[in-house]
S.K.: 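Sending over a structure as structure tokens; questions will come in a sec.
Quick note: numbers below take in every heavy atom, side chains included, and nothing from hydrogens, waters or symmetry partners.
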Amino acid sequence: MPYIVKDKKFEEIEFIEYYKKSRNKCEIYCDNIMCFDTEVSSGYIPPDTGIVESYDSTKGAEYYSTCQKVSLVYVWTFSIDNNIFMGRTLEDFVEFLQDLENAEPYIKIVYVHNLGYDFQFLRNVLQFSRIFAREKRKPIYAQWESYYFRCSYILTRQSLDSWAKNEKLPIKKLVGDLDYNKMRTPKTALTSEEIDYCIHDVLVMYYGLLKYRKKYVHVADIPLTQTGEVRKVIREKMNVKEEYKYRKNCINLIPDTLQDYDFLVKAFSGGYTHSNSVHTGHVVENVKCKDIASSYPTVMCLEKYPMTPFQRTIPLDKYFNNDKYSFIIDVTFINIHSKRWNTFLSLSKCLEISRDYRVDNGRVISASTARVIMTNIDYDIFLQCYNFDDKVVNDFKVSINDYLSPTFVKYILELYRDKTELKGIDEYAEKYAISKQYINSMYGMMVTKTIIGDIALTDEGWVENPLTSADYDKHIRIDRKKLSSTFTAFQFGVWVTAYARRNLWRGILALDYDVVYCDTDSIKHIGEHEDFFNMYNAEIEKRENERAKMLGIDPYFFAPKDTKGNIHRLGIYDTEESCAKFKTLGAKKYICEYVDARGNARLKMTVAGV
């Protein structure tokens with residue numbers, strides 16, 4: 001036996017079977033919680049020696065740019081409930097899986113935290129027959145024989161350390177107990193501390209997943225993703241007689257053709273993240289920080305959304321600056337030039353752009369021509385940000401607006417109330433965690449593209465097969481029969497991000513030069529601008545009181561209190577801790593120095609991907 005059994009042997013484990021019945025079949029699943037993790041050593045091979053060496057911080061980036069990077073799994077850990085098995089090579093792991101198959105022949109779900117990473121090693125020893133992924137190199141699950149490897153990170157959206165802390169699990173991740181710069185191989189003797197580090201990783205997963213199994217009764221019924229969790233809850237809330245017409249309308253909003261769907265996809269844009277070029281690369285002192293409280297849930301509750309299928313028409317004046325309508329415009333601008341210190345238009349969103357374009361960290365400063373598809377919300381922002389000589393409207397589609405379902409909006413507000421009121425109360429820790437997770441998942445659920453092309457793994461690597469008209473037609477024929485599970489439309493998600501961008505840009509336009517950095521729902525700025533933020537917050541309060549009256553609910557839902565009696569109003573610009581010093585090198589790259597009342601300084605750095 002090439003692997004170590006630290007607890008019970010297979011024959012001593014009580015395997016639990018679950019007969020999962022569907023309309024046309026019944027499948028038998030193993031209901032035990034199984035988790036898998038690897039530890040990997042990375043090294044570099046210089047071209048002149050051909051010998052693997054560990055990382056040396058005294059050697060610069062130029063040296064390592066000429067080296068070949070290599071990685072090797074030196075230990076793996078597998079748990080069946082809280083029973084631990086360990087091995088040193090992936091070949092040993094294959095033998096382990098075959099032995100486990102002999103002991104338990106039914107379908108087995110194995111959780112891996114960040115499956116996309118471990119998958120790159122597993123694919124060398126396992127010939128996966130089925131892989132489901134929405135993005136390249138990010139499988140949600142992969143099947144090999146009777147094993148389904150699922151990603152627990154996609155389910156939780158938390159690191160193992162955060163998962164253990166936030167859920168108050170009986171075991172913690174051993175952070176910092178493993179030196180990743182040390183070279184190890186399957187023949188390297190491991191210390192007891194290193195072994196404990198490996199064991200704790202899978203046990204954090206086990207105890208965390210134990211809560212999921214308790215909630216969903218069976219492992220096989222746990223949703224694949226975090227948004228799948230909240231989708232399941234809302235589906236049940238919306239599947240009532242009162243919401244029949246609304247759900248029927250959501251079915252009606254599925255675009256008829258791939259071209260119509262693609263038009264919506266091209267109009268979608270994510271959160272705005274950017275640094276003001278005049279402050280980029282400089283140390284800026286006394287930087288104030290403002291953050292919109294739950295930006296995406298705010299616009300879901302307050303704004304109107306396109307509630308009819310988009311119809312092609314001519315761009316009449318009545319469609320502009322009118323909250324009765326939403327529109328998507330395909331427009332070519334002539335001789336555009338930014339008139340603001342902060343640039344709005346993303347180069348990646350331009351369908352066509354002249355070669356003489358100038359950009360500021362991926363945002364267009366100027367161009368002779370630029371063609372873009374955008375929502376009415378983004379079009380309005382664009383007009384405030386750019387001068388241009390002329391424009392040509394290539395296409396224009398309109399929809400009639402209305403609010404999202406009252407049932408849906410009230411549930412968002414319930415979650416926000418619970419998240420505010422229950423924070424820090426031990427006996428409600430689980431309910432607080434659920435409310436926080438669900439409200440954070442609302443945005444992801446709204447913008448998920450349920451109709452996508454196939455992501456496949458071939459001998460040449462990951463390949464994205466574009467969605468064809470035939471594929472799209474097949475998808476919508478199926479989706480239009482799912483009345484009981486439909487409660488939203490993709491076009492709602494397009495406007496969720498657009499409204500949130502508008503709220504952020506109201507601040508950016510008001511502060512302009514004094515904006516140092518912004519990211520989705522937050523602004524870091526210099527100067528005194530409380531007049532703007534107070535005015536904005538008062539406007540939000542007024543709108544929320546009016547909306548509460550429309551919904552027939554207590555305005556308190558928009559401004560609940562925490563355990564100390566502090567009011568937390570949804571959607572206002574909150575004041576966060578100021579930075580004594582701040583420096584950014586661009587989007588997702590910045591460092592802050594905070595100084596407390598005693599003069600003690602601490603640094604916080606954010607670098608994308610690190």
S.K.: Checking N114 now: which residues fulfil side chain to side chain contact (heavy atoms under 4.5 Å, CB included) with it, not counting sequence neighbours?
M.R.: Y117
S.K.: Where does the angle between the aromatic ring planes of Y443 and Y296 fall among parallel (under 30°), tilted (30 to 60°) and perpendicular (over 60°)?
M.R.: parallel
S.K.: Does the side chain of Y411 come within less than 4.5 Å of M442's, by heavy atoms?
M.R.: yes
S.K.: Taking the inter-plane angle between the rings of H113 and W163 on a 0 to 90° scale, is it parallel (under 30°), tilted (30 to 60°) or perpendicular (over 60°)?
M.R.: parallel
S.K.: I want to check something: taking the side chain as every heavy atom from C-beta on, are L253 and P309 in contact at a cut-off of under 4.5 Å?
M.R.: yes
S.K.: Using the test side chain to side chain contact (heavy atoms under 4.5 Å, CB included), find all partners of T486 that sit at least two apart in sequence or belong to another chain.
M.R.: C250, I251, K482
S.K.: Apply side chain to side chain donor-acceptor pair (under 3.5 Å) to the pair D356 and S354, showing each step before the final yes or no.
M.R.: CA-CA 5 Å; D356 63 351; S354 56; 2.5 Å; yes
S.K.: According to ring-ring contact (aromatic ring centres under 6.0 Å, His included), who are the partners of F344, at least two apart in sequence or on a separate chain?
M.R.: W505
S.K.: Can you list the residues that meet the side chain to side chain contact (heavy atoms under 4.5 Å, CB included) rule with I452, with sequence neighbours excluded?
M.R.: R134, K449
S.K.: Taking ring-ring contact (aromatic ring centres under 6.0 Å, His included) as the test, write out the residues that go with H279, two or more places apart.
M.R.: Y513
S.K.: Who passes side chain to side chain contact (heavy atoms under 4.5 Å, CB included) against K423, sequence neighbours left out?
M.R.: Y432
S.K.: Applying salt bridge (charged side-chain N to carboxylate O under 4.0 Å, His left out) as the test, list every pair that has at least one member in residues 489-502; sequence neighbours left out.
M.R.: E303-R502, D378-R501
S.K.: Enumerate the salt bridge (charged side-chain N to carboxylate O under 4.0 Å, His left out) contacts for residues 319-328, please, sequence neighbours excluded, ordered by first and then second residue.
M.R.: K304-D323
S.K.: Is NZ or CZ of R547 both nearer than 6.0 Å to the six-membered ring centre of Y403 and within 45° of the ring axis?
M.R.: yes
S.K.: Looking only at atom types and distance, does a side-chain atom of S522 sit under 3.5 Å from a main-chain N or O of C518, one as donor and one as acceptor?
M.R.: no
S.K.: According to the salt bridge (charged side-chain N to carboxylate O under 4.0 Å, His left out) rule, which pairs have a member within residues 431-447, sequence neighbours left out?
M.R.: none
S.K.: Using the ring-ring contact (aromatic ring centres under 6.0 Å, His included) criterion, which residues pair with F320? Sequence neighbours excluded.
M.R.: F327, Y379, F396
S.K.: Which one of Y305, Y319, F310 satisfies the ring-ring contact (aromatic ring centres under 6.0 Å, His included) criterion with Y325?
M.R.: Y319
S.K.: Assign the ring pair Y272 / H274 to parallel, tilted or perpendicular, where the plane angle (0 to 90°) is split at 30° and 60°.
M.R.: tilted
S.K.: Would you tell me whether T575 and K290 have side-chain atoms, one donor and one acceptor, within less than 3.5 Å of each other?
M.R.: yes
S.K.: Just checking Y590 against Y517, ring centres under 6.0 Å apart?
M.R.: yes
S.K.: Please find out if less than 6.0 Å separates the ring center of F382 from that of F333.
M.R.: yes
S.K.: Indicate yes or no for a side-chain donor-acceptor contact from D596 to the backbone of G599 under 3.5 Å, with no hydrogens or angles considered.
M.R.: yes
S.K.: Mind checking ring-ring contact (aromatic ring centres under 6.0 Å, His included) for Y261 and listing every partner two or more places apart, or none if nothing turns up?
M.R.: Y472, F490
S.K.: Please determine if E243 and K237 form a salt bridge, counting it only when a charged side-chain N lies under 4.0 Å from a carboxylate O.
M.R.: no
S.K.: Would you say T497's side chain and S269's backbone share a donor-acceptor pair under 3.5 angstrom?
M.R.: yes
S.K.: I want to check something: taking the side chain as every heavy atom from C-beta on, are V364 and L347 in contact at a cut-off of under 4.5 Å?
M.R.: yes
S.K.: Look only at the side chain of N166 and the backbone of S162, and say whether a donor-acceptor pair between them is shorter than 3.5 Å.
M.R.: yes
S.K.: Side-chain donor-acceptor pairs under 3.5 Å in residues 577-585, sequence neighbours left out?
M.R.:
from	atom 1	to	atom 2	distance (Å)
E577	OE1	R602	NH2	2.7
E577	OE2	R602	NH1	3.4
T584	OG1	G586	N	3.0
T584	OG1	G586	O	3.0
T584	OG1	K589	O	2.9

